Amino acid sequence: MGKDVIVACDFASREQTMAFLDRFSGRKPFVKIGMELFYAEGPQMVREIRKRGHRIFLDLKLHDIPNTVRKAMSVLRDLDVDITNLHAAGTVAMMEAALEGLTRPDGSRPLLIAVTQLTSTDQAAMERDLWIERPLDQVVMHYAENARKAGLDGVVCSPLEAEKVHAVCGRDFLTVTPGIRFADAAADDQKRIMTPAEAKRIGSDYIVVGRPITAAADPVEAWERCVREFTDEAE
Ligand code: C5P
C-alpha cells in the first residue's frame, strides 16, 4: 500500500459510476466511495466495485458515541474495503472503539484514517462556531497525534499539512491528501491546492483526485497523467 492515486467517484448513481469505471476497460484505479454514492446505492455498490477488482477507500467520516461507532465499524469491516475513516473530533475513546469494531476475528482490518479539521473549516469558523481558539495548524497536528495514539494508520489532510504530520507522527503514519489539481487546470472550489508532482515531493502517501479526472474529456488519460506525475521515479 502507499503512493497511489485514489479517484473520488462523486457520482449520484450506480449507472453513472459504472459508466465511468467501464471507460477504464480492465484497468483498476483505486476508488473513493463517499456519502453521496453510498447513501444513494448502499453497501451493494461497494460489493459490486470490489468484485470488479478495485481497491476502495470508503469515505463515510463516522462521528458518534464510541459504542455506536464500534458497532457501525463492525458492519463496515465485512465490506472488505481497503481504507475507511472517521472524525478525530469524536475523541480518542471513539477512535479506539472504531478500531475494535473494524478488526476481524483473524486480526486483519481495513486501514483506518482520521479527518482532523475539514479543509472547508478555516481559522475564523473554528473560533466562531467551534470555540476552538488555538491556531488551526496546531489543532490539526494535535488531532493527528490523537489519531496516532489511538492506533489509527493516518489522517486525511491538506497537502500543505502532510509534511508536518509526518514530522510529528512519523513517516509511517499515512497522509491522504485531496485538493489536487494539474498545473494547467482550474481550482474549482478547492482553495489550497497542489499538483500531483508537488504532492509527491512533500511526501503524500495517497492523493485523492475527483474532478480533474471525473470531469476530464478523457478520464483515463487524466488518471494516467495523475499516476505518472505522482509516482514516476523520474519526476
Ligand atoms: O473534485 P475534487 O478533486 O475537488 O474532489 C476531492 C474529493 O476529496 C472530494 O470527494 C471531496 O469530498 C474530498 N475531500 C476534500 N477535502 C477534504 C476531505 C475530502 O476535498 N478535507
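These numbers were taken from a predicted model, which means no experiment stands behind them. Each ligand, and each atom within it, is numbered from 1 in the order the structure gives. We count residues from 1, following the sequence as given.
- Taking the six-membered ring for Trp, F230 and Y206 have ring centres at least 6.0 Å apart.
- D80 CG: more than 12 foreign heavy atoms inside a 6.0 Å radius.
- Protein residues having a heavy atom under 4.0 Å from any atom of ligand 1 are A8, D10, K32, T119, P178, R181, Q190, V208, V209, G210, R211, P212, listed by chain and number.
- With sequence neighbours excluded, the residues satisfying side-chain contact (heavy atoms from CB on, under 4.5 Å) with A222 are F182, I213, A216.
- Side-chain rings of F20 and F11 approach one another, their centers coming within less than 6.0 Å.
- No salt bridge links D22 with R27; every basic N to acidic carboxylate O contact stays at or beyond 4.0 Å.
- Side chains of E48 and Q44: a donor-acceptor N/O pair is absent below 3.5 angstrom, by distance only.
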